[in-house]
Amino acid sequence: MSYELERMGARHGRWESRGTKDQPVDKALMRRAARLRRAVEYHNFRYYVLDSPVISDAQFDELFRELHTLEAAHPELATRDSPTQRIGAQPRKDFGVVRHALPMGSIDTAFAETEVETWDRRLRERLGVRGEVAYTAEPKFDGASVSLRYEEGVLAVAGTRGDGSAGEDVTANVRTIRSVPLRLQGRGCPRVLEVRGEVLIEKKHFARLNAEQAKHGGRLFANARNAAAGSLRQLDPRITARRPLAFFAWGLGEVSAPVADRYSQAVRRLGAWGFRTSDLIATVKGARGCLAYFSKIAAKRDALPFELDGVVYKVDAFRDRERLGFTARAPRWALAHKFAAREATTIIEDILPSVGRTGIITPVAKLKPVAVGGVTVTHATLHNQAEVERKDVRIGDTVLVRRAGDVIPEIVAPIKEKRPRGAKPWRMPAKCPACGGTVVREIGKAAHRCMAGLACHAQLERALAHFASRRSMDIEGFGEKLVRQLVAKHLVKSVAGVYRLTPRHLAKLERLGEKSARKLIARISKSKQTTLPRLLNALGIPQVGEATAAALAQHFGSIDALAAADRETLMQAPGVGSAVATDIHTFFREKRNLGVIAALLRAGVRPAVARPSRKSPVSGKLFVLTGALQSMTRDEAKDRLTALGATVSESVSRRTDYVVIGAAPGSKAAKARAFGVPALDESHFLKLLSG
DNA sequence: TGTCCTCGAGTTCC
DNA sequence: CTCGAGGACA
């Protein structure tokens, strides 16, 4: 059954004002209205709090409509806590202020296990207990905290956390959240009851919300938390009503009478009164229990429907909480144990144009170092000028940073409120930042490009590094540092120059002794025994990468045949269309390029055509690799597969035959599942390799 | 002509 | 991993 919040929200769109005139009311009608109210409320609760409806959507619709019709005909029957009244208020100009009777403070944060142990030890000392303290452990939802005040069992006021002592009055918006009871169920609730909890958006609803925002040209939310907080701060509650918000209770504020002796009991009572509480709340013993809980939740984190930023430990017994009291900042009886942040804010110190091997200039943001997902991030790509404009990021901006797929740093969005005055939009420089050459943006293209070619030292450096790289000529030790020196000292002017290097040349370089120089020369020499696909990839023909190089090698068999081919012939090769054919053709008409190739061959570069070694069950199959393998690197796996006549691709599609899943797989594993592509673990993969 | 799929190119950090 | 763009195909 689907979780159709929007559809239900739309049903509530009409609002009837309530009659004020006192008039005799038909007792039977009154009873009927009360019964309907209870029924609608109950089914709302089954649906939004328990997530286990007992009637169909259509049946619910019928109940709701009957109540609505009845109240419309007899306005005096409609009560303030009626489920028809969730969306009542008109848009307003601003929010009122809510003072919190008990402050909504923050809690102390720990990242390391030792911090949790220290907290537990101090706490035991203060309480003077020998054994282990009973804690509750619960997920720390990443949403917006609110406090709901119930008077005589009816929702009276809802406020955001604000500065802790006072927040904004968001009552009208909170009333639209279906998992917030407008009237408490059962009996025995105190006259005044403040419930604290988190307003959230489920991950999948967030994705859909953003997709819809994009479709209607609305602005996108950076993450589920921002979407929840933003939805809560809508001036028009009708908009909030359409947002898929949920509420989870996790604590109490002011209460006119004690609710329980222990927090774990209080949580159960909150559930009985109609609140949604996390089903992951557990009681644990001591620091040991806390840490075990932490690992369990951390392992489940991605599979959970809501975003978490950690877990919270709380002393279970309220009496002990009182004895522990508060520090200046936070209660001593609670601790937030956070996961390494996946998102963080930092400042763009500069936007640097970086020149690639083809001359494409990419803006890269230099960031004030910040910890994200367990590493310190200092740079993030902005891809191109258009992307900089779309995201509207400027030097000096405070930005939200995340690690895409938990790996590559990505700038999500600027926080415009924090933009320094006078920050101007960034523009691509008109001259190449490396060589001063002309920068051109071709019509209809996204990229800017330095036109100087290999005369541009940045391009020459990158071209050499690419030539020597593992999947090209594979010259170990021929790295960035070395390349930069070789270019700066004019020792190498083209990729062919690599094979003209002598020990005497290398002696001119810094930090390279005689012994390592000899080693390097030997490695360079060894790289001459290569394969045609590698050589073609190494040359850096525009639009020819690893896959196309392999296809061309297969199809033409030799570099001479390829160089002699006209456009028509080139287009016969798989994956080569008119654009790629033109680029290849142009490359081989260029005198300089032919000179480089001739020089390479003269120097003794011998490209062999790799041929599938033997019949294998994997030949002709399309593989995708993800995660780390134990017995070999991914590159080795790729080589072995290709040698057996299989194709290895980077992205999963319906055509993929097998996905090999190693340790810590990325998003490809999930995609493979979605497409129903068979997954192989390492042992099965090895079996397949060995036939 | 539009859509889906692939590839190329650039980028980050350990 | 992301974006852009070319290729294949309907």
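The analysis underlying the following values was restricted to heavy atoms, covering all of them including side chains, and did not include hydrogens, waters or symmetry mates. Labels below follow one simple rule: chain letters A, B, ... track the order of the sequence lines, proteins then strands, and each chain is numbered from 1.
Distance CZ/F556(A) to CG/L532(A): 11.0 Å, rounded to 0.5 Å. Between F588(A) atom CZ and L539(A) atom CG the span is 6.5 Å, to the nearest 0.5 Å.
The phosphate of dC3(C) has neither OP1 nor OP2 within less than 4.0 Å of any side-chain N or O from N384(A). S649(A) has a side-chain polar atom (N or O) that falls below the 4.0 Å cut-off from OP1 or OP2 of dC7(B). In this structure, T378(A) reaches the dC13(B) phosphate: one of its side-chain N or O atoms is under 4.0 Å from OP1 or OP2. The phosphate of dG4(C) (OP1 or OP2) has no side-chain N or O of R441(A) nearer than 4.0 angstrom. Dashed line: the shortest gap from a side-chain N or O of R390(A) to OP1 or OP2 of dG4(C) is under 4.0 Å. For S578(A), no side-chain nitrogen or oxygen approaches OP1 or OP2 of dG6(C) to under 4.0 Å.
Residue T362(A) places its side chain closer to dT11(B) than to any other of dC13(B), dT11(B), dT2(C). Ranking dG10(B), dT12(B), dG8(B) by closeness to the T548(A) side chain, first place goes to dG8(B). In this structure, the nucleotide among dG10(B), dC13(B), dG7(C) sitting nearest to the side chain of P409(A) is dC13(B). With dG6(C), dC13(B), dG10(B) as the choices, the nucleotide that has an atom nearest any side-chain atom of T358(A) turns out to be dG10(B). Out of dG10(B), dC7(B), dC13(B), the shortest distance to the side chain of R357(A) is found at dG10(B).
In this structure, N537(A) atom CG and dA9(B) atom C1' are separated by 12 Å, rounded to whole Å. Between the CD atom of E387(A) and the P atom of dC1(C) there is a distance of 17 Å, given to the nearest Å.
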Would you sort out whether D583(A) and Q543(A) count as a side-chain hydrogen bond (donor to acceptor under 3.5 Å, both in side chains), showing the intermediate values?
CA-CA 7 Å; D583(A) 280 348; Q543(A) 309 214 69; 2.8 Å; yes
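Heavy atoms of E410(A) sit nowhere under 4.0 angstrom from any nucleic acid atom. Nucleic acid contact for H379(A): sugar-phosphate only, since backbone atoms but no base atoms lie under 4.0 Å from a heavy atom of the residue. No contact: G540(A) has no heavy atom under 4.0 Å from any strand.
Taking the six-membered ring for Trp and thresholds of 30 and 60 degrees, H337(A) and F294(A) have nearly parallel ring planes, at less than 30 degrees apart.
Looking only at distances, a side-chain donor or acceptor of R534(A) sits under 3.5 Å from a matching main-chain atom of R470(A).
Comparing T376(A) and L622(A), the nucleotide of DNA chain B nearest to each residue sits closer to the 5' end for L622(A).
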